[in-house]
Amino acid sequence: MIIALKRQSEKQLEQIRRLEERDRIVHQQLQTVEKEMSTKSIAADLHRRKVTELTQKISEQTERYDKLLLRFNETERALKDKTRQLVEEADARRRTAESLEVTRRRLEVAASRAEASGGPDAALQKELEDYKLLLKCSSCTSRFKSHVLLRCMHTFCKECLDDLVSTRQRKCPKCGLGFSKEEIKEVYL
């Protein structure tokens, strides 16, 4: 019986040693896991800080982008307004130049009439011819003007304008400004 107790005691001691060994191993594993958790916690904090910084940078960049987009839209609007003004000024200059040319022609006619002084009938006849020339189509010079291009206000006969539209050459024969079919209107002289 003593031998049996000794064996039992040795078995219990052996089991206690095994349990102590397991306890030591588990304690070491626990320390390792705690170290890893501490390291990962520090890394997680760093990542949170980076995420916060990046979120702030994204917010700043978004604000900057919005400001630049607003500035771009304002600049684009200003450019369109300026372009429209320049086109209007160019049209006004062109019309003034045409008016000046007509006045110059009339002045030349009056001067030539004064020089010729071939009699009142000849002067009246010359003036009548000049007025007829003003009423005739400048494109074909055979028919009277009957339609106006609204874009540039030049007048031509209907047949010449129909020819331009049918051949898809929709540019004013006088100034070269493009026009659409809807911009041709009849004029009564």
Side-chain touch [X]/[Y], heavy atoms, less than 4.5 angstrom:
X	Y	result
Glu129	Gln125	yes
Ser59	Glu63	yes
Cys172	Phe156	yes
Ile2	Arg7	no
Phe144	Cys137	no
Met153	Leu149	no
Arg94	Cys175	yes
Glu88	Asp91	no

Output, in order, the C-alpha distance, side-chain angles, deciding distance and verdict of salt bridge (charged side-chain N to carboxylate O under 4.0 Å, His left out) for Asp130 and Lys126. CA-CA 6 Å; Asp130 289 342; Lys126 177 66 176 155; 3.7 Å; yes
Using a strict cut-off of less than 4.0 Å between a Lys/Arg side-chain nitrogen and an Asp/Glu carboxylate oxygen, indicate whether [X] and [Y] qualify as a salt bridge.
X	Y	result
Glu60	Arg64	no
Arg93	Glu89	yes
Asp162	Lys158	yes

Show the nearest heavy-atom pair for residues Cys160 and Arg143, with the distance to one decimal. SG-NH2, 3.8 Å
Closest non-hydrogen atom pair between His147 and Val187, with its separation: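 Here His147 and Val187 meet closest at N-CG1, 3.9 Å.
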Atom [atom1] of [X] and atom [atom2] of [Y]: how far apart are they, to the nearest 0.5 Å?
X	Y	atom1	atom2	value
Gln169	Lys171	CD	NZ	9.5 Å
Leu100	Leu107	CG	CG	10.5 Å
Ile184	Leu164	CD1	CG	8.0 Å
Arg151	Glu183	CZ	CD	4.5 Å
Gln31	Glu36	CD	CD	12.5 Å
Leu161	Ser146	CG	OG	7.5 Å

Taking the side chain from [X] and the backbone from [Y], do they hold a donor-acceptor pair closer than 3.5 Å?
X	Y	value
Thr75	Arg71	yes
Ser38	Glu34	no
Thr83	Leu79	yes
Lys145	Leu134	yes
Thr141	Ser138	no

Should Glu20 and Arg17 be marked as a salt bridge (charged side-chain N to carboxylate O under 4.0 Å, His left out) after you check the CA-CA gap, both sets of side-chain angles, and the distance that decides it? CA-CA 5 Å; Glu20 285 175 350; Arg17 275 188 235 128; over 6 Å; no
Co-members of the apolar cluster containing Leu70 [side chain, <4.5 Å]: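 In the cluster with Leu70 there is nothing else; it is isolated.
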Residue [X] excluded, over 12 heavy atoms near [atom1] under 6.0 Å:
X	atom1	answer
Gln15	CD	no
Leu19	CG	yes
Arg24	CZ	yes

Just do the side chain to side chain contact (heavy atoms under 4.5 Å, CB included) check on His154 and Val148 with the steps written out, would you? CA-CA 6 Å; His154 286 125; Val148 64; over 6 Å; no
Report the C-alpha separation of Gln8 and Lys11 in whole Å, then their side-chain angles, then the decisive distance to 0.1 Å, and conclude whether the side chain to side chain contact (heavy atoms under 4.5 Å, CB included) test is met. CA-CA 5 Å; Gln8 190 178 9; Lys11 283 183 183 178; 5.6 Å; no
Report the C-alpha distance between Asn73 and Glu76 in whole Å, list the side-chain angles of each, state the deciding distance to 0.1 Å, and finish with yes or no for side chain to side chain contact (heavy atoms under 4.5 Å, CB included). CA-CA 5 Å; Asn73 288 336; Glu76 188 177 34; 4.1 Å; yes
Tell me which donor-acceptor pairs under 3.5 Å the side chains of residues 41-53 have, and how far apart each pair is, sequence neighbours excluded?
residue, atom, partner, partner atom, Å
Asp45, OD1, Arg48, NH1, 2.6
Thr52, OG1, Arg48, O, 2.8

Could you go step by step and tell me if Cys140 and Cys157 meet the side chain to side chain contact (heavy atoms under 4.5 Å, CB included) rule? CA-CA 8 Å; Cys140 66; Cys157 66; 3.7 Å; yes
Glu108: which of Arg105, Arg106, Arg104 passes side chain to side chain donor-acceptor pair (under 3.5 Å):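 So, applying the side chain to side chain donor-acceptor pair (under 3.5 Å) to Glu108 and each of Arg105, Arg106, Arg104, only Arg104 qualifies.
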